[in-house]
Amino acid sequence: MSNSLPRSTARLKGLLNGYYQDLEAAAKDPARKVAWCTSAGPAELLSAMGFQTYFPENHGALLGARRLSTNFIAKSNARGYSPDICSYLTADIGAYLSGQTPLKTAYGIEGLPKPDVLVYNTSQCREVQDWFTFYGREYGVPVFGIYSPWKVETPLPREAVSDVARQLERLCEDLAPVAGRRLDCDRLAQVVRYSAESTALWKRFLETARRRPSPITFFDATIHMAPIVVMRGTEAAVDYYAGLLDETREFVDAASAAVPGERIRFYWEGMPNWGKLRFFSNLFSELKACAVASTYCHSWAFEGLDLARPFESLAEANLQVFINRGELYKEGYLKKMVEDYGIDAIVFHEAKTCPYNTNSRFGLPQRLQERYGIPSVTIYGDLCDLRCFSEEQTRTQVEALAEQLAPVSRRAG
Amino acid sequence: MTSTKVFAGVDIGSSYTKAVILGADGRPRSSCTLRTGASFEGAASRALKKALNSCALGTGARVVSTGVGRASVARADKRPTEITSIARGSFYHCPRRHVVVDIGGQDNKVVAVDDHGRAVYFKMNRKCAAGTGAFLEEIAHRLAISPGRLSRVAKTARGRVEIGSYCTVFTCTEIIHHIRQGKGAPEILMGCYESVVKRILEMDALEGEVVLSGGVVANHPVVAEIFFEKLGRAPLVPNQPQLVGALGAALLGQESHDKNAQV
């Protein structure tokens, strides 16, 4: 991968090291509380109530990126968790059953931070409920959920926003006995402000890829997105993304290309294939293709967080993520991204175990081609389960797409 | 010294390697098909040598490789994917907008070809052998019939069993059920061939004119008959359909050379 942002990459390791060290300290301190939380939140609420938050989905991605997941998935499969369900879930539970975690070697902590409570939100995935319920049983701690109305179109239905906002308020009541305190509204406002600032900076970082050639790739973004998932309501995240944006702007000013000789611009749709990021990065580079934008990384560019109405704005932020939207919205969103980023073609990643974050299954690629002439290819794989992926078949498909985009004169025989 | 007038395409597939030599007039002069085996480079060399020897155009040729082993051919000037090569080769036989269905040893492809011979979109089967040549080889093994005889045996069928499964292994289980029910090998085979066609029809709507290519189409003519039945119109089956990819590669090489010569 390009690793075109060395200063930020070095800072990232220190930042995450501190995050995990603090998480471990909190888990060992009876006076502090740890909440396991989904990446979609409600992290801000938990932080405002004094919880240190840990994200199993981030752990799943780490297992995938380190190519540890496939063996752990088999462990879960043997315990009745199907190979057809979320491989973050099966990899994570398999690692837990094996008593292993890469967090030990990556961040020097002894193991997973034991939770005092588990809180999920279904806006990005429905299977998190079963995932967190497993740990609720294992650790004997309460599990709470926010159920987000799904497939919402624009404008967001007011009843859906109201429904989720009321659930968030109710959640605060449920969490108070675990936290040993009630929600501090001033603290919530501060966390929401940091979230709004860090996500705005994250979005501006991603938007530097509008430049041609792009200074960053989708693969760079997957490296630098960890703080926006696990630390977004903190001042440290704001500082980190301000620094990342500054460093990226230096590359913009120097007209540096993340992919030298960039001639094709791809959009990555769907989950990353964590264990094959280097394969894709190398393949794209060989083709002088830069994956300049992705739905996945842009999904953490929450907008509209409003200090004056924190519950409603948090509800809106969660409901309006791409993955939770209807097909009409998705079609319009992708069309706009293709225009805004000068995309030549979309690579749809059909992840075997992630139907929620796979958007090639309801005719969307065909509609984009027919209505707007946007070419695409659908590749088959998975976020963590490498058994579902064929390098050779994928290479042929991506190379063929690049050939399709490079017109050569032909004539009939 | 390499002649610039002789163009060769070599398509190294998972099961077979095919070579096609073009004459100076841009028309195919000779060809060779042989088992790929364990060496892509070796198979490509042997196929090219045999094809060149049989057309007396000398041993030198500008080579374009394609197929799963395309990257292994050191002497190739270009290495396009089989998608692009099939589109070009199919356009040679059907020089207008159409859809080409290629059924190979391990994968199936549907390529929409525009009126310049370019692929405008394509689809490949998932990571699964259902509906490919590998599927038919497994069925031949199960029924103890030589793969080369499958189509002839099927033609004697007086009916057709229903094969409901996607999966090659599950299909074999279904075959056991049909044998137990007293069904004959021809009827079972017809069901399997229909299953091959169904897998393709699930991949794409196949609108407009349809061309069939690939080794399965070449070695199992009954497949084209079932396409006719399912589509309600006759697909175009080129002479030597398994050579479409190699032909396309050779044509791409020739065109690239001509284009560069004009610059």
Side-chain angles (χ1 to χ4, degrees), chain A residues 83-84 273 276 282-283 286-287 344-353 358 360-361 363-382 385-413, chain B residues 14 22 25-28 66-71 78-96 106-109 111-128 203-205 238 244 247-248 250-252 254-256 258-260 262:
Chain A
D84 294 327
N273 183 334
K276 292 291 172 183
N282 290 343
L283 175 59
E286 285 167 24
L287 300 169
D344 295 303
I346 300 176
V347 176
F348 281 92
H349 177 209
E350 186 159 325
K352 171 80 163 57
T353 72
T358 290
S360 52
R361 292 179 174 170
L364 188 52
Q366 287 79 3
R367 290 198 300 279
L368 289 169
Q369 169 77 50
E370 287 162 11
R371 292 183 184 174
Y372 312 114
I374 300 170
S376 65
V377 67
T378 299
I379 57 170
Y380 301 98
D382 193 50
D385 193 342
L386 292 176
R387 298 172 300 186
C388 304
F389 181 69
S390 161
E391 266 193 17
E392 278 312 310
Q393 193 181 58
T394 305
R395 174 180 290 280
T396 295
Q397 288 184 282
V398 174
E399 286 186 7
L401 178 65
E403 289 167 359
Q404 182 187 319
L405 295 170
V408 288
S409 65
R410 309 275 167 83
R411 62 168 188 257
Chain B
S14 57
L22 297 184
D25 59 356
R27 299 198 173 276
T66 192
V68 69
R70 63 189 177 279
K78 289 166 67 79
R79 299 175 183 85
T81 63
E82 53 270 42
I83 307 286
T84 299
S85 299
I86 288 166
R88 181 61 190 92
S90 182
F91 192 67
Y92 177 89
H93 296 289
C94 181
R96 52 198 170 270
Q106 281 184 6
D107 52 31
N108 297 334
K109 303 163 200 81
V111 187
V113 183
D114 69 9
D115 45 18
H116 300 287
R118 288 180 49 203
V120 285
Y121 75 83
F122 61 91
K123 294 173 182 173
M124 288 178 73
N125 60 313
R126 294 162 188 243
K127 206 181 86 173
C128 170
M203 288 171 66
D204 191 79
V244 167
L247 171 63
L251 290 166
L252 289 169
Q254 183 193 45
E255 287 163 7
S256 174
D258 291 352
K259 191 177 170 190
N260 291 337
Q262 287 167 9

Query raised in the report: Among B:Ile83, B:Val111, B:Val120, which residue forms the greatest number of heavy-atom pairs with chain A at distances under 4.5 Å?
Result: B:Val120

Query raised in the report: Hey, does the side chain of A:Thr353 reach the backbone of A:Asp84 with a donor-acceptor pair shorter than 3.5 angstrom?
Result: no

Query raised in the report: Where the side chain of B:Ser256 meets the backbone of B:Leu252, is there a donor-acceptor pair that is under 3.5 Å apart?
Result: no

Requested in this report: Determine the minimum heavy-atom distance between B:Asn108 and B:Asn125, stating which atoms define it.
Outcome: N-OD1, 2.9 Å

Report task. Let me know which of A:Glu399, A:Gln404, A:Glu403 forms a side chain to side chain contact (heavy atoms under 4.5 Å, CB included) with B:Thr84. Result -> A:Glu403

Query - Portion of B:Lys123 that has a non-hydrogen atom of chain A nearer than 4.5 angstrom - result: side chain

**Report entry** Toward chain A, the part of B:Arg70 with a non-hydrogen atom under 4.5 Å
**Finding:** side chain

Query raised in the report: When heavy-atom pairs shorter than 4.5 Å are enumerated against chain B, which of A:Glu350, A:Lys352, A:Gln369 gives the highest number?
Result: A:Glu350

Requested in this report: Side chain from CB out, backbone as N, CA, C, O: work out which of these in A:Gln397 comes under 4.5 Å of a heavy atom of chain B, or both, or neither.
Outcome: both

**Report entry** Charged N-O contact under 4.0 Å between A:Glu391 and A:Lys276
**Finding:** yes

